[in-house]
Amino acid sequence: MTRKSSKGQSAVERLLEQQRQYQEWLDKLDQEAKDAAPSHVADRVRGDYAARLEEVTAELREHEDGIRQALADATTRSEGLAKQHADRTDELAEAKLRRQVGEFDDAHFEEVSARCKSALSELAKAMAQVERDVERYEEVLGQIRGEEAEEAEADGGKEREAAGAEGETPAAASPGGQMGLDELAFLRSLTKEPKAGKGGAVPPPSPKPAPAVAASGERPAVPEPPAAVPPPPPEPVAPPAKPAPVTASGERPAV
């Protein structure tokens, strides 16, 4: 760890300690000291602690990169300590096995066992401290991310409200209303008298439009036209007269 990173980590530790202190005072004020003074005095003290806590949190936000680096260092240190702890545990188990088969005598085993147990005890303490550091750094980063998310959500809500206010337009006419206007215009056109053409002739009425489609989508039944009357049968026609036979002399006999 460089001197610069060590200095930044010290500043983070100081801010974390102040943050814990202000939060503890606020909790005690709400739980134990709420009846020890008039409400306006308690509110003033609470506001002071809250403002100081906000200042510390803002400073921690400025050290976010340093906190992330401290978290990465603590995580790496925790992994290294865990590996050392596993190695000392394996060394102690190996010494027990060599003693069991007769390679190690009691004196040598006791020496190896004492060294491994002492190392394991120190490693356990160091691992516990590093784990606390990791949890503290993760907690602070979680608070910073939570506050940033809340601020982003608040800004997004304001932008959506502004966009909604600017985008409001009068409601457009509904399809039903438009259809009503068309039907009204059609009825008015039917009630107008047709203009006479040249010579006083009145043009035939225009064909009626097809019936409107019902709301269910089906067309109303149209009455069938009356059956056509069959034409009268033709009058019988008399057959033509047969010519008279001709005689041998070429003359027709008298009829």
Side-chain angles (χ1 to χ4, degrees), residues 1-89 92 114-163:
M1 183 182 298
T2 62
R3 181 178 300 178
K4 182 177 181 180
S5 61
S6 178
K7 184 178 180 180
Q9 187 171 350
S10 299
V12 169
E13 292 291 342
R14 175 181 56 79
L15 293 172
L16 289 174
E17 182 60 32
Q18 292 179 359
Q19 186 188 49
R20 283 193 297 269
Q21 184 65 73
Y22 296 148
Q23 188 61 56
E24 181 181 353
W25 288 348
L26 283 171
D27 294 339
K28 288 183 177 180
L29 182 64
D30 293 334
Q31 297 173 4
E32 302 174 4
K34 59 182 179 180
D35 297 331
S39 60
H40 66 280
V41 176
D43 291 341
R44 184 168 62 247
V45 174
R46 184 182 295 104
D48 176 49
Y49 291 160
R52 292 158 76 175
L53 179 61
E54 178 61 28
E55 291 178 1
V56 171
T57 304
E59 291 186 37
L60 283 172
R61 192 180 298 115
E62 295 176 358
H63 289 276
E64 182 177 357
D65 294 339
I67 297 174
R68 292 183 184 278
Q69 184 60 45
L71 175 60
D73 295 341
T75 302
T76 302
R77 192 161 63 254
S78 177
E79 294 173 354
L81 292 172
K83 184 179 183 306
Q84 294 180 36
H85 192 276
D87 292 343
R88 298 292 77 77
T89 301
L92 180 58
R115 183 179 71 251
C116 290
K117 289 180 179 180
S118 177
L120 289 173
S121 179
E122 295 297 327
L123 288 170
K125 295 178 182 179
M127 290 173 64
Q129 180 61 43
V130 172
E131 288 299 325
R132 286 193 294 269
D133 294 340
V134 170
E135 292 177 358
R136 185 163 64 252
Y137 296 145
E138 289 178 344
E139 180 182 359
V140 173
L141 289 176
Q143 293 176 356
I144 294 175
R145 286 193 294 267
E147 292 178 356
E148 291 177 349
E150 291 178 0
E151 293 177 358
E153 180 64 22
D155 295 340
K158 294 179 180 179
E159 293 178 357
R160 287 191 294 270
E161 291 178 0

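What you are looking at is a predicted structure, and each value in this text was computed from that prediction instead of being measured.
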Identify the heavy atoms of T75 and V134 that sit nearest to each other, and give their distance. N-CG2, 4.1 Å
As an exercise, state the distance from CG of L141 to CD1 of I67, rounded to the nearest 0.5 Å. 5.5 Å
Output the distance between atom CD (E54) and atom CD (Q19), rounded to the nearest 0.5 Å. 10.5 Å
Let me confirm one number: the CG-CZ distance from L71 to R136, rounded to the nearest 0.5 Å. 11.0 Å
Whether the R20 and Q23 side chains hold a donor-acceptor pair (N or O, under 3.5 Å, no angle test) is what I'd like checked. no
Please identify each residue that fulfils side-chain contact (heavy atoms from CB on, under 4.5 Å) with E131, with sequence neighbours left out. S78
Can you check whether Y22 reaches E55 side chain to side chain, under 4.5 Å on heavy atoms? no
Tightest non-hydrogen contact, residues A124 and H85, listed as N-CD2, 4.5 Å
Go through Q129 and K125 one step at a time and tell me if the side-chain contact (heavy atoms from CB on, under 4.5 Å) criterion holds. CA-CA 6 Å; Q129 180 61 43; K125 295 178 182 179; over 6 Å; no
With no hydrogens and no angle check, just 3.5 Å: does a side-chain donor-acceptor pair link Q69 and D73? yes
Does E135 reach the side chain of E139, with side-chain heavy atoms less than 4.5 Å apart? no
Mind listing the closest non-hydrogen atom pair of M127 and A82 along with its distance? CE-CA, 4.1 Å
Determine, stepwise, if the pair K83 / E79 fulfils salt bridge (Lys or Arg N to Asp or Glu O under 4.0 Å). CA-CA 6 Å; K83 184 179 183 306; E79 294 173 354; over 6 Å; no
Grab the two heavy atoms, one from A74 and one from V130, that are nearest each other, plus how far apart they are. O-CG1, 3.1 Å
Flag, side chain of T57 to backbone of L53, donor-acceptor distance under 3.5 Å: yes
When rounded to the nearest 0.5 angstrom, what distance separates CG in L26 from CD in Q21? 10.5 Å
Taking 4.0 angstrom as the limit, do R44 and D48 come out as a salt bridge? no
To the closest 0.5 Å, what do you measure between CG (L120) and CG (D87)? 10.0 Å
Hey, is E24 close enough to K28 for a salt bridge, meaning N to O under 4.0 Å? yes
Report yes if some heavy atom in the side chain of R88 is under 4.5 Å from a heavy atom in the side chain of L92; otherwise report no. no
